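First up is the structure itself, then whatever we jot down about it.
One-based numbering along the sequence shown. Whatever order the structure lists ligands and atoms in, that order sets their numbers, starting from 1. Both backbone and side-chain heavy atoms feed into the values below; hydrogens, waters and symmetry mates do not. All values derive from a computational prediction rather than experimental measurement.
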Amino acid sequence: MGERVVKLAVFISGGGSTLKNLIDRVADESCRAKIACVVSSRSKVRGVQIAEDAGIPTIVVPRKKYDTPEEFSEVVTRGVEPFAPELIAFGGFMSLYVFPPHYHGKIINIHPALLPCFGGKGMYGDHVHEAVLKAGCKVTGCTVHFVDEEYDRGPIIAQRAVPVLDGDTVETLGERVRAAERELYPEVINWFADGRVVLQPDGRVRVHGRELLGEMQ
Ligand code: GAR
């Protein structure tokens, strides 16, 4: 395990459960990151309170104040740039972010399903688990991926699977997936801290050292 810490910006739109997990993991040193700032696309959400309580500089850019994703994104970029994040991690961030070219390959998202299934517009939070149950899937999980120009799309970095059990409800399944998310996201951020994540020219992601360590993903 390396010692390097990655400078992180976390983007949120709601409850901030992913943010809270990252704050806790940074505190107990299982996530080697410094959360330099938080961006929220909504003002009155619990996530903003969580960020402020943790003393993290918080930039609120209400999406509804802007007509287009471009206008919104410009304000977000201007707010974030002074913090010079090495990595931007979405945590329940629900707005389209039109990012400048130098952020290419530096923005990641966690999604509560095994992409490319059950992603895209409207597929967030419990809606995803509901759709998984309705489809009768026997396995689901979470995906960490690079962000590109569309919702829940972009090169996959890591996935963790969990079983769908008979009798599962949105709540029980959601909690199982969230438990997997709480483990996977900090782990992936550590890979970035160690410079192990490489976006290849073929659009696929290689995580150096994984094959040698025999990690199961
Ligand atoms: C997480 O479960 C994350 O996977 C999901 O939102 C939750 C965090 O929201 N993200 C998506 O569905 C992205 N499409 P919260 O931090 O607001 O609680």
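- At a threshold of 4.5 Å between non-hydrogen side-chain atoms, the residues I110 and F90 do not count as touching.
- Shown here is Y124, whose OH atom has no more than 12 heavy atoms of other residues, nucleotides or ligands within 6.0 Å.
- Counting atoms of ligand 1 from 1 in the listed order, those under 4.0 Å from a heavy atom of Y124 are 12 (O).
- Remark: Y97 engages F11 in a ring-ring contact (aromatic ring centres under 6.0 Å, His included) (not counting sequence neighbours).
- Contact between L199 and P155 at its shortest, heavy atoms only, is CD1-CG, 3.6 Å.
- Not a single heavy atom of R46 sits closer than 4.0 Å to an atom of ligand 1.
- Protein heavy atom closest to atom 18 (O) of ligand 1, with residue, atom name and distance, is S17 OG, 2.6 Å.
- Contact atoms of ligand 1 toward G16: 15 (P), 16 (O), 17 (O), 18 (O) (distance under 4.0 Å to a heavy atom of the residue).
- Taking 4.5 Å as the limit, every side-chain heavy atom of V198 sits out of range of all side-chain heavy atoms of V205.
- Considering K34, K7, R4 in turn, R4 is the only one that fulfils the side-chain hydrogen bond (donor to acceptor under 3.5 Å, both in side chains) rule with E86.
- In terms of protein heavy-atom proximity, atom 6 (O) of ligand 1 is nearest to G92 CA, 3.6 Å.
- Heavy atoms of G125 come nearer than 4.0 angstrom to ligand 1 in at least one pair.
- R63 CZ to S41 OG: the interatomic distance, rounded to the nearest 0.5 Å, is 9.0 Å.
- Contact atoms of ligand 1 toward G14: 17 (O) (distance under 4.0 Å to a heavy atom of the residue).
- By the 4.0 Å N-to-carboxylate-O rule, D168 lies close enough to R176 to be salt-bridged with it.
- Heavy-atom proximity to atom 3 (C) of ligand 1, evaluated over E181, H111, H129, K121, is greatest for E181.
- The protein atom (non-hydrogen) at minimum distance from atom 5 (C) of ligand 1 is P112 CD, 3.9 Å.
- No heavy atom of L19 sits closer than 4.0 Å to any atom of ligand 1.
- In this structure H208 satisfies the ring-ring contact (aromatic ring centres under 6.0 Å, His included) test with no other residue, sequence neighbours excluded.
- Of the candidates T18, V10, I12, the one placing a heavy atom closest to atom 7 (C) of ligand 1 is T18.
- Protein heavy atom closest to atom 17 (O) of ligand 1, with residue, atom name and distance, is G15 N, 2.9 Å.
- Closest of all the heavy-atom pairs between T140 and P112 is OG1-O, 4.3 Å.
- The protein heavy-atom contact nearest to atom 10 (N) of ligand 1 is I110 O, 3.5 Å.
- Within ligand 1, the atoms closer than 4.0 Å to a non-hydrogen atom of G91 are 16 (O), numbered from 1 in the order shown.
- The M123 neighbourhood of ligand 1 comprises atoms 14 (N), with distances under 4.0 Å to a heavy atom of that residue.
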